[in-house]
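Just so it is clear, the structure is predicted and the values come from calculations on it, not from any experiment. Numbering starts at 1 and runs along the sequence shown.
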Amino acid sequence: MKKTLLVFISLIILSGYGFSQADEMPLEAKMHLNQALSYINIARKTPALAKENYENAINELTLAIKKYSVYTEAYANRAVVYMQINKFNKAMDDLKAAEQINPKDPNLHYNYMAWYSLQNQLDRALDSLDEALTNGFSDYDSLRHDPDLKNVRKHPEFRKICEKHKVFLK
């Protein structure tokens, strides 16, 4: 799960999460996101402090959402943090909120796939894989190595869906 969080956060930062309203976003909301990412990084590096830092990250992400209610990155990051602390219902709520804002985001569908894989809902995980690849998901190392995808990677349809999108994993 830790690798998923790091990979997902990197993808969000690099992709801008398809965000077209960045100029309208309050600076304070961006600052809360940055602070949350700091807490997440500390949690990842210091397992003894993980719970406290994940809770701090959730608080910062919640503040970012309060400052800018259509802040897809904040919802998506909070969903991943919720998955880290096994609050899967709250994670799904945030994934749905992010989808309402940007339904075509490939990273969002990747995280749906991770959520479904962790819940052993493989048919839905495979649908999310197809949706992520259809919308341009291209972090193939995550598809190969993310521990959250362990369940879905074992399914014979996983490779077929990847190959349908000309993604050939070793």
Side-chain angles (χ1 to χ4, degrees), residues 1-21 33 36-37 40 43-44 50-51 54-55 57-58 61-62 64-65 68-170:
M1 181 96 62
K2 291 178 184 174
K3 183 176 178 177
T4 303
L5 181 64
L6 180 62
V7 168
F8 179 69
I9 291 168
S10 298
L11 288 170
I12 289 172
I13 292 168
L14 294 174
S15 72
Y17 216 86
F19 214 79
S20 61
Q21 302 158 325
L33 176 65
L37 296 177
I40 293 166
R44 186 181 57 80
K51 182 177 180 184
Y54 285 139
E55 291 297 329
I58 289 168
L61 293 165
T62 300
I65 291 165
Y68 195 66
S69 64
V70 293
Y71 202 173
T72 308
E73 287 177 68
Y75 282 110
N77 275 298
R78 192 170 69 177
V80 173
V81 174
Y82 279 138
M83 283 191 271
Q84 289 288 304
I85 59 174
N86 298 319
K87 292 186 177 184
F88 292 102
N89 292 334
K90 288 185 176 191
M92 179 54 77
D93 291 343
D94 278 352
L95 291 173
K96 288 179 180 179
E99 185 177 21
Q100 289 294 315
I101 299 165
N102 189 358
K104 297 285 186 187
D105 189 278
N107 299 319
L108 170 66
H109 292 286
Y110 175 88
N111 282 321
Y112 269 123
M113 176 179 47
W115 191 98
Y116 288 128
S117 180
L118 290 168
Q119 300 299 308
N120 208 31
Q121 296 182 31
L122 301 184
D123 55 338
R124 290 183 175 162
L126 292 165
D127 289 344
S128 294
L129 168 63
D130 191 42
E131 191 69 25
L133 292 171
T134 296
N135 287 301
F137 185 81
S138 61
D139 182 359
Y140 305 135
D141 282 339
S142 291
L143 290 176
R144 286 183 194 97
H145 303 294
D146 185 340
D148 294 346
L149 305 183
K150 183 175 133 185
N151 290 334
V152 73
R153 262 196 307 270
K154 292 178 187 176
H155 197 288
E157 291 296 315
F158 182 86
R159 186 170 299 278
K160 288 179 184 178
I161 292 170
C162 288
E163 289 173 358
K164 174 181 121 180
H165 292 279
K166 306 209 182 317
V167 174
F168 301 97
L169 305 175
K170 292 183 180 182

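Side chains of Asp130 and His165 form a contact here, defined as non-hydrogen atoms less than 4.5 Å apart. The shortest distance between side-chain heavy atoms of Lys51 and Ile85 does not fall below 4.5 Å. Side-chain contact between Tyr116 and Val152 is absent, with no heavy-atom pair separated by less than 4.5 Å. At least one side-chain heavy atom of Tyr112 sits under 4.5 Å from a side-chain heavy atom of Met92. Between Val80 and Asn77 there is no side-chain heavy-atom pair separated by less than 4.5 Å. Within the 4.5 Å cutoff, the side chain of Lys164 has no heavy atoms near those of the Lys160 side chain.
Formation of a donor-acceptor pair under 3.5 Å by the His109 side chain with backbone atoms of Pro103 is found in this model.
Here Arg153 contributes atom CZ and Met113 contributes atom CE; the two are 9.0 Å apart, rounded to the nearest 0.5 Å. Taking CG of Leu129 as the reference point, atom CD1 of Ile161 lies at 5.0 Å (rounded to 0.5 Å). Atom CG of Leu33 and atom CD of Glu73 lie 5.5 Å apart (nearest 0.5 Å). Atom CD1 in Ile65 sits 3.5 Å away from atom CZ in Arg78 (nearest 0.5 Å). Atoms CG and CG, on Asp141 and Leu169 in that order, are 9.5 Å from each other to the nearest 0.5 Å. In this structure, Leu61 CG and Tyr75 OH are separated by 11.0 Å, a value rounded to the nearest 0.5 Å.
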For Trp115 and Gln121, what are the C-alpha separation, side-chain angles and deciding distance, and is it a side chain to side chain contact (heavy atoms under 4.5 Å, CB included)?
-> CA-CA 9 Å; Trp115 191 98; Gln121 296 182 31; 3.8 Å; yes

Should Val167 and Tyr140 be marked as a side chain to side chain contact (heavy atoms under 4.5 Å, CB included) after you check the CA-CA gap, both sets of side-chain angles, and the distance that decides it?
-> CA-CA 8 Å; Val167 174; Tyr140 305 135; 3.5 Å; yes

Could you go through the side chain to side chain contact (heavy atoms under 4.5 Å, CB included) check for Ser117 and Asp148 one step at a time?
-> CA-CA 7 Å; Ser117 180; Asp148 294 346; 5.8 Å; no

Decide yes or no on side chain to side chain contact (heavy atoms under 4.5 Å, CB included) for Ile58 and Lys90, but give the supporting numbers first.
-> CA-CA 11 Å; Ile58 289 168; Lys90 288 185 176 191; over 6 Å; no

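In terms of heavy-atom proximity, Ser69 sits nearest to Ile101 at O-CD1, 4.1 Å. The minimum heavy-atom distance between Leu108 and Asn102, with the atom names listed, is CD2-O, 3.8 Å. Taking all atoms of both residues into account, the shortest heavy-atom contact from Ala76 to Ala98 is N-CB, 4.4 Å. Nearest approach of Leu118 to Met83, heavy atoms of both residues: CD1-SD, 4.3 Å. Pairing each heavy atom of Phe168 with each of Arg144, the nearest pair is O-NH2, 3.9 Å. When all heavy atoms of Phe158 and Leu143 are compared, the closest pair comes out as CZ-O, 3.9 Å.
When Asp146, Asn135, Asp139, Asp105 are each tested for a side chain to side chain donor-acceptor pair (under 3.5 Å) with Tyr110, only one passes: Asp146.
Around the CD atom of Glu163, the shell of radius 6.0 Å holds more than 12 heavy atoms that belong to other residues, nucleotides or ligands.
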